[in-house]
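So the structure is just underneath, and the comments pick up after that.
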Amino acid sequence: MVHPGRITHNNVGTEKDGPIVYWMSRDQRSSDNWALIHSIELANQKSTYVLVVFCLDLSYPSVISRSLNFMIEGLKEVEKNLVSKKIPFILLQGDPTHQLPPFLAHHNASTLVTDFDPLRIKRQWKESISRQVTIPVITVDAHNIVPCQVASTKQEFGAYTIRPKINKLLADYIQDFPEIEEQKAPEESITKPINWPEIPNINNCIPSITWIKPGEHAANIALRYFIEHKLEGYATKRNLPELEWTSNLSPYFHFGQIAPHRVALEIIKANATAVDKDAFLEEMIVRRELSDNYCFYNPNYDTVEGLPAWAKTTLDLHRSDEREHLYTLDAFEHAHTHDKLWNAAQKEMVHTGKMHGYLRMYWAKKILEWTVSPEEAFSIAIFLNDKYSLDGRDPNGYTGIAWAIGGLHDRAWFERPVYGKIRYMNSNGAQRKFNVEEYISKNSF
DNA sequence: ATCGGCTCGCGCAA
DNA sequence: TGCGCGAAGCCGAT
């Protein structure tokens with residue numbers, strides 16, 4: 001049974017006689033999905049069936065072909081897997097707030113179930129739809145192991161304040177997933193295969209990506225590969241960007257093609273030292289869930305406005321400091337700065353759709369250093385990350401940028417020009433920590 | 001190579 | 001009210 005703590009009732013509604021509709025949004029997978037599992041539970045209770053719907057909005061902010069292809073290829077697999085379980089899967093196209101209410105009415109839907117997402121647009125969609133319908137609307141947190149609103153009821157100050165709260169509840173929530181059994185949807189509800197839209201290649205200057213395959217199956221292969229080859233030694237080697245000793249699971253997490261919950265279960269079972277497992281689980285659970293906490297409880301998660309007071313004050317005091325270098329968005333985007341390491345990080349992102357964690361910090365902090373204002377730095381960093389990273393438009397990205405540029409979840413440090421008391425980083429630090437030359441040559445596209 | 005200082009504020013102990 | 005310590009560092013002294 002799905003833990004009741006995962007479930008939030010968005011409105012008081014009256015059930016109708018039709019199917020339970022699961023509006024799949026953030027968690028785009030057929031297995032290990034608490035929102036789908038709960039939908040099936042509800043359907044069984046009411047002797048009806050589950051209908052899964054995905055709403056594809058091609059006008060979604062900063063949609064690009066790179067991310068869209070990754071998502072749609074994953075959804076094609078979801079379609080195949082759901083249909084094999086006799087669960088109908090339907091694709092709607094357009095703004096969900098316009099598409100879903102008539103769809104629910106047409107099917108005489110009993111209840112609308114959806115997955116949890118802390119981002120603004122998703123919450124606006126859900127609120128608008130809840131206002132338009134009279135049936136119950138239910139949110140299931142299928143993305144976090146300890147549900148966001150259970151882990152904490154407020155914005156947390158740092159990893160150290162949320163960590164004990166999550167750890168205390170982890171044992172309650174980290175249960176095994178049930179297998180999904182074949183369902184008994186009426187024959188006519190299993191419609192003909194979806195005619196997936198061709199994605200217009202509007203950004204054909206963006207290199208396509210071949211090193212990572214989309215979808216649930218590929219995600220599980222990537223997980224197996226990580227456990228077998230890179231978990232041992234992860235605690236130290238993850239910090240050496242030239243080794244590429246990372247899990248590469250982030251795009252799958254972003255599109256919900258694998259559940260962090262599943263990954264945690266497999267890592268715990270894996271044969272590796274506690275130090276390595278703990279290092280990975282700390283990142284995947286505590287820091288990832290801290291990102292959801294920030295975006296959920298701070299409506300200004302993607303601007304300077306959301307930053308802690310001390311950080312805004314110190315950035316303000318240094319507004320008119322002289323900048324040694326100033327670059328436009330165009331110069332950043334084309335990796336035309338004086339700094340080879342920065343350019344390499346930018347090229348890594350443009351050409352591969354990812355950037356190593358250490359360099360994400362360095363990259364964002366230098367944008368702060370080389371732009372006229374923290375506001376501009378924030379918007380450039382978010383724009384580039386959302387455009388090029390396969391895991392862009394994710395709470396992790398917004399929170400990471402707020403950490404680097406705005407001291408979020410961090411402490412004040414020695415005061416210096418432009419940064420004020422925001423933690424400073426420079427390439428000397430990188431030189432001390434890893435093989436900078438090798439990283440640069442690996443990313444000299 | 002290693003250590004302490006830099007600096008702010010939360011959360012807990014007292 | 002005091003105190004320990006924190007999402008990833010830097011720098012200079014030893």
Side-chain angles (χ1 to χ4, degrees), chain A residues 144 151-168 233-243 245-247 250 253 260 275-276 278-295 297-298 301 306-318 324 339 341-342 345 354-369 381 385 391 394-436 439:
Chain A
N144 293 296
S152 174
T153 53
K154 65 183 181 95
Q155 185 189 322
E156 288 295 329
F157 187 74
Y160 78 102
T161 61
I162 204 171
R163 187 178 297 113
K165 297 182 182 181
I166 288 175
N167 286 339
K168 199 177 66 190
Y234 182 77
T236 50
K237 292 180 179 170
R238 73 187 151 142
N239 290 322
L240 304 172
E242 74 276 18
L243 296 186
W245 209 271
T246 54
S247 73
S250 182
F253 289 148
V275 177
D276 291 323
D278 289 349
F280 181 79
L281 292 173
E282 163 76 10
E283 289 176 339
M284 191 192 66
I285 302 176
V286 174
R287 297 186 196 177
R288 206 180 40 75
E289 301 205 359
L290 180 60
S291 298
D292 262 32
N293 170 276
Y294 181 60
C295 293
Y297 290 112
N298 193 321
Y301 56 78
L307 300 178
W310 69 266
K312 281 195 273 196
T313 306
T314 193
L315 286 171
D316 263 340
L317 278 168
H318 291 269
E324 203 177 324
D339 180 342
L341 179 57
W342 194 95
K354 62 169 180 167
M355 190 191 296
H356 187 276
Y358 179 88
L359 286 143
R360 289 188 191 217
M361 301 188 277
Y362 178 81
W363 174 87
K365 283 180 182 291
K366 292 296 150 185
I367 297 176
L368 170 66
E369 194 175 327
N385 186 52
D391 62 359
D394 191 275
N396 287 314
Y398 302 125
T399 305
I401 288 167
W403 178 85
I405 290 179
L408 176 75
H409 301 147
D410 203 10
R411 58 195 278 204
W413 295 87
F414 191 75
E415 196 162 7
R416 65 175 62 237
V418 187
Y419 287 80
K421 292 170 180 173
I422 305 296
R423 182 194 297 259
Y424 174 69
M425 285 176 79
N426 64 8
S427 57
N428 295 341
Q431 294 284 358
R432 275 197 306 275
K433 289 182 168 66
F434 65 94
N435 189 335
V436 171
Y439 174 78

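We use all heavy atoms of the structure for the numbers below, so side chains are in, but hydrogens, waters and symmetry mates are not. Reminder, nothing fancy here: chain letters follow the sequence lines and each chain counts from 1.
- Using a 4.0 Å heavy-atom criterion, one finds that A:T399 contacts the bases of the nucleic acid, with or without backbone contacts as well.
- One atom, NZ of A:K165, and another, P of B:dC10, lie 12 Å apart when rounded to the nearest Å.
- Here A:R163 reaches the OP1 or OP2 of C:dA7: one of its side-chain N or O atoms lies under 4.0 Å away.
- At the heavy-atom level, A:M361 lies under 4.0 Å from base atoms of the strands shown.
- When each of B:dT7, C:dG9, C:dA7 is scored by its nearest atom to the side-chain atoms of A:S291, the top-ranked nucleotide is C:dA7.
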Ring pair (Phe, Tyr, Trp, His ring centres under 6.0 Å) evaluation trace for A:Y234 with A:F280: CA-CA 7 Å; A:Y234 182 77; A:F280 181 79; 5.5 Å; yes
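- Counting non-hydrogen atoms under 4.0 angstrom, A:R288 reaches nothing in the nucleic acid.
- Using P as the reference atom, C:dG4 and B:dG4 are 15 Å apart when rounded to the nearest Å.
- The nearest whole Å value for the distance from the OH atom in A:Y424 to the C1' atom in C:dA8 is 16 Å.
- There is a side-chain donor-acceptor pair under 3.5 Å between A:H318 and A:E415.
- The partner of B:dG5 is C:dC10, judged by Watson-Crick or G-U wobble contacts that both fall below 3.5 Å.
- Nearest to the side chain of A:T161, among B:dG11, C:dA7, B:dC6, sits B:dG11.
- If you measure from atom CG of A:L290 to atom C1' of C:dA8, you get 13 Å, rounded to the nearest angstrom.
- Defined by atom type and a distance below 3.5 Å, a donor-acceptor pair is missing between the side-chain atoms of A:Y294 and A:Q155.
- Using modelled atom types and a 3.5 Å distance limit, the side chains of A:E242 and A:N435 yield no donor-acceptor pair.
- Taking atom CZ of residue A:F157 and atom C1' of nucleotide B:dC10, one finds them 6 Å apart after rounding to whole Å.
- Residue A:R423 has no polar side-chain atom (N or O) positioned under 4.0 Å from OP1 or OP2 of C:dC10.
- At least one donor-acceptor pair under 3.5 Å links the side chain of A:T314 to the backbone N or O of A:K421.
- To the nearest angstrom, P of B:dC8 lies 11 Å from CZ of A:R411.
- Rounded to the nearest Å, the gap between the C1' atom of C:dA8 and that of B:dG11 is 23 Å.
- Nucleotide C:dA7 holds its P atom 13 Å from the CG atom of A:N293, rounded to whole Å.
- At the heavy-atom level, A:Y160 lies under 4.0 Å from base atoms of the strands shown.
- A close approach under 4.0 Å does not occur between any side-chain nitrogen or oxygen of A:K421 and OP1 or OP2 of B:dC6.
- Dashed line: the shortest gap from a side-chain N or O of A:R360 to OP1 or OP2 of C:dA8 is not under 4.0 Å.
- Here the C1' atom of nucleotide C:dC11 and the CH2 atom of A:W413 are 12 Å apart, to the nearest Å.
- Within 4.0 Å of A:R238, counting heavy atoms only, lies no atom of the nucleic acid at all.
- In this structure, A:N426 reaches the sugar-phosphate backbone alone: every heavy-atom distance under 4.0 Å involves primed, P, OP1 or OP2 atoms, never a base.
- For A:I422 and C:dA7, the CD1 to C1' distance is 14 Å, given to the nearest whole Å.
- Among the protein residues, A:K365 comes within range of no part of the nucleic acid, since none of its heavy atoms lies under 4.0 Å from any strand.
- A cation-pi geometry, defined here as NZ or CZ lying under 6.0 Å from the six-membered ring centre and within 45° of its normal, does not hold between A:K365 and A:W342.
- Backbone-only contact: A:W310 has heavy atoms under 4.0 Å from sugar-phosphate atoms and none from a base.
- For the OP1/OP2 pair of C:dC10 and a distance below 4.0 Å, the side-chain nitrogens and oxygens of A:K433 include at least one atom meeting the criterion.
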